[in-house]
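For reference, the structure is listed below as structure tokens.
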Amino acid sequence: MELEDKIKRLKNYLRNKKSVLGFSAGSDSTLIAYILSKVSPDSLLVTINNNMMSDEFIEYTKKQAAKFNLKHKVINLDFLTDEIFQNNGKERCYECRKLMYYNIQQLPEFQEYEYFLEGTNITDLLEDRPGILVLDMFNMTSPLVECGITKDDVFDMIQYFNLEYSFDTTCLATRIKTNQKVDSERLKMIHDAEAFVRSNVEQENIRVRFDDFNAMITVDNPLDILDEELLIKLRNKIQNIGFKKVFLDITGYEKTKLIESIDDDGDYYYQLPYNIDLLKTKEKLESKSYLDGIIKLEENLYYNDIKIQKNGKISMPPSNEFVNKFNQILGCIKRKDI
């Protein structure tokens, strides 16, 4: 499908949907907000200030909402009072989304709106994001998923409309290794370290990851910063912030890509990092009018020649259309558990 056709599909999907949108001003929510401003201008943007982001983040969301001429609310929460979030186990992402969306629903004006939207795109479903399970709990809709829009599509549309967006809207708690405590001291260390790296390195994706007070710097192109003077400067400052040792991830920032592997039967497959609820996935496939293939649920779930297994493996006979066929059904895949 051509880009303009996908844009038309997204506009038609959002048209006259008076919506509340969880708004971070990242690429996904910026695209949705922009389209809402054109086809459903009575919508409301809501940003959660959860003490995990910088002050600049909140101000930027306000500026962007004003640019789109959309109503905007900021809800102030302190996630560091939540024990599950602090403990940073595998439930943290789920707990984070639950806290955010519950508090958005408590807004006095929430009942004035017909739809509750968020910004997950098709490519996000390839990743281990247990927070996705919260969406059904709060009757939320992911328009980018419903319209089959990938992360690459989002970036193409952002460029097409010449939109600005925030490069870094991920929660700082995601930098801390699982099962290591999240607290204000560690978050400030990460924030200050990333700000310093960003002031010295001109790359889009910059992360400083925390593991037992050791720092791992991850950037898009690590080989481009292999300059002795720069590395000494980064090391000295980050250690001064409070980290014990400083490492550079020479693998670089890895973006998720849908690339097939070949199994023992010679089929193409992709292994999702979570278990699949086959019954709910079947129901979702059946609900899509544009999917007119044969759906069968046995020990595995089948859509035409695509086999979907409980363990997250999705396979099909070798095909040049692997990516297109996979993305066609990916938006229907329902995760089973955290």
Side-chain angles (χ1 to χ4, degrees), residues 28 84-85 87-102 118-146 148-151 170-171 173-174 176-180 254-288 291 293-317 319 322-338:
D28 300 316
I84 296 176
F85 191 91
N87 290 339
N88 194 27
K90 64 180 182 179
E91 305 88 357
R92 179 187 52 76
C93 176
Y94 178 85
E95 185 72 8
C96 174
R97 286 217 186 189
K98 190 168 70 171
L99 287 168
M100 288 195 298
Y101 300 148
Y102 170 79
E118 63 90 46
T120 299
N121 63 67
I122 281 285
T123 308
D124 292 334
L125 300 181
L126 299 174
E127 300 177 354
D128 185 11
R129 299 188 178 203
I132 200 80
L133 290 165
V134 177
L135 304 186
D136 288 341
M137 180 187 301
F138 293 103
N139 193 30
M140 298 184 71
T141 302
S142 308
L144 301 179
V145 171
E146 295 299 319
I149 293 173
T150 67
K151 193 67 176 179
T170 57
C171 170
T174 62
I176 300 177
K177 190 173 182 178
T178 302
N179 295 321
Q180 294 186 20
E254 295 184 292
K255 298 179 181 179
T256 302
K257 293 183 179 179
L258 178 55
I259 300 174
E260 73 275 6
S261 298
I262 302 176
D263 64 18
D264 293 340
D265 297 323
D267 287 337
Y268 284 6
Y269 78 94
Y270 188 92
Q271 179 67 54
L272 295 173
Y274 51 82
N275 294 323
I276 296 174
D277 187 320
L278 296 184
L279 180 58
K280 288 185 177 179
T281 299
K282 175 178 179 288
E283 292 170 351
K284 188 71 172 179
L285 287 168
E286 291 172 338
S287 72
K288 297 299 181 184
L291 295 177
I294 298 172
I295 301 169
K296 294 188 301 181
L297 177 57
E298 299 170 348
E299 180 181 357
N300 301 305
L301 176 62
Y302 297 87
Y303 174 74
N304 291 337
D305 60 355
I306 301 174
K307 180 167 72 172
I308 304 166
Q309 298 178 235
K310 294 177 183 178
N311 67 359
K313 180 181 177 181
I314 300 178
S315 58
M316 66 187 76
S319 170
F322 175 83
V323 172
N324 289 336
K325 292 173 71 173
F326 195 102
N327 280 331
Q328 188 179 38
I329 59 100
L330 182 55
C332 299
I333 298 299
K334 303 297 286 186
R335 182 176 178 136
K336 187 172 180 61
D337 46 35
I338 293 176

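Note that these values count all heavy atoms, side chains included, but never hydrogens, waters or copies made by symmetry. Positions are given from 1, in the same order as the sequence printed here.
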Q: Could you check Met100 against Val134 for side chain to side chain contact (heavy atoms under 4.5 Å, CB included), going step by step and ending with a plain yes or no?
A: CA-CA 10 Å; Met100 288 195 298; Val134 177; over 6 Å; no
Q) Given side chains that start at C-beta, do those of Lys98 and Phe138 come closer than 4.5 Å, heavy atoms only? A) yes
Q. Under 4.0 Å between a Lys/Arg side-chain N and an Asp/Glu carboxylate O for Asp128 and Lys90?
A. no
Q. Is the closest basic N to carboxylate O distance between Lys288 and Glu146 below 4.0 Å?
A. yes
Q. What distance do Ile259 atom CD1 and Tyr268 atom OH have between them, rounded to the nearest 0.5 Å?
A. 12.5 Å
Q) Would you say Lys257 and Leu126 make side-chain contact, with heavy atoms under 4.5 Å? A) no
Q) Only one of Ile132, Thr150, Leu125, Asn121 forms a side-chain contact (heavy atoms from CB on, under 4.5 Å) with Val145, so which one is it? A) Leu125
Q: Report the distance from atom OG1 of Thr120 to atom CZ of Arg129, rounding to the nearest 0.5 Å.
A: 6.5 Å
Q) Should Lys280 and Glu283 count as an ion pair when the cut-off is N to O under 4.0 Å? A) no
Q) With a 4.5 Å limit on heavy-atom distance, are the side chains of Ile333 and Ile314 in contact? A) yes
Q: State whether the number of non-hydrogen atoms from other residues, nucleotides or ligands found under 6.0 Å of Glu299 atom CD is greater than 12.
A: no
Q | Partners meeting ring pair (Phe, Tyr, Trp, His ring centres under 6.0 Å) with Tyr270 (sequence neighbours left out) | A | Phe326
Q) Considering all heavy atoms of both residues, which atom of Phe85 and which atom of Cys96 are nearest to each other, and what is their separation? A) CE1-CB, 3.8 Å
(Q) What verdict does the side chain to side chain contact (heavy atoms under 4.5 Å, CB included) test give for Leu135 and Arg97, after you've listed the backbone C-alpha separation in whole Å, the side-chain angles of each residue and the deciding distance to 0.1 Å? (A) CA-CA 9 Å; Leu135 304 186; Arg97 286 217 186 189; 3.6 Å; yes
Q: Indicate the atoms forming the closest heavy-atom contact of Gln271 with Gly312, along with that distance.
A: NE2-C, 3.4 Å
Q) So, Asn304 side chain and Ile306 main chain: donor-acceptor pair closer than 3.5 Å or not? A) no
Q | Ser142 (side chain) donor-acceptor with Glu118 (main chain) under 3.5 angstrom | A | no
Q.
Could you report the tightest heavy-atom contact between Ile276 and Leu272, atom names first, then the distance?
A. CD1-CD1, 4.0 Å
Q) Side chain of Arg335, backbone of Ile338: donor and acceptor closer than 3.5 Å? A) yes
Q: Report yes or no: does Asn88 contribute a side-chain atom to a donor-acceptor pair with the main-chain N or O of Gln180 at less than 3.5 Å?
A: yes
Q. Given side chains that start at C-beta, do those of Asn275 and Lys310 come closer than 4.5 Å, heavy atoms only?
A. no
Q | Any side-chain heavy-atom pair of Leu285 and Leu301 under 4.5 Å | A | yes
Q | Asn139 atom CG: more than 12 heavy-atom contacts under 6.0 Å | A | no
**Q.** Closest contact, heavy atoms only, Gly131 versus Cys93
**A.** N-SG, 3.4 Å
Q) Do any N or O atoms from the side chain of Tyr303 and from the backbone of Gly293 form a donor-acceptor pair under 3.5 angstrom? A) yes
Q.
For a 4.5 angstrom cut-off between non-hydrogen side-chain atoms, does Ile295 reach Leu297?
A. no
**Q.** For the student: nearest non-hydrogen atoms of Met316 and Asp267, plus distance
**A.** O-CB, 3.4 Å
Q.
Taking atom NZ as the centre, does Lys151 end up with more than 12 heavy-atom neighbours from other residues, nucleotides or ligands that are less than 6.0 angstrom away?
A. yes
**Q.** Close side-chain approach of Asp124 to Asp28, heavy-atom, < 4.5 Å
**A.** yes
Q: With rounding to the nearest 0.5 Å, note down the distance linking OG1 in Thr281 to CG in Leu330.
A: 10.0 Å
Q | Heavy-atom closest pair, residues Ser315 and Tyr269 | A | CB-CB, 3.7 Å
Q.
Distance check, rounded to the nearest 0.5 Å: Glu127 atom CD versus Tyr274 atom OH?
A. 10.0 Å
(Q) What I'd like to find out is whether the side chain of Ile308 reaches to under 4.5 Å of the side chain of Ile329, using heavy atoms alone. (A) yes
Q) Out of curiosity, Cys171 SG to Arg92 CZ, how far, rounded to the nearest 0.5 Å? A) 6.0 Å
(Q) If we ignore hydrogens and angles and just use 3.5 Å, is the side chain of Asn311 paired with the main-chain N or O of Lys313 as donor and acceptor? (A) yes
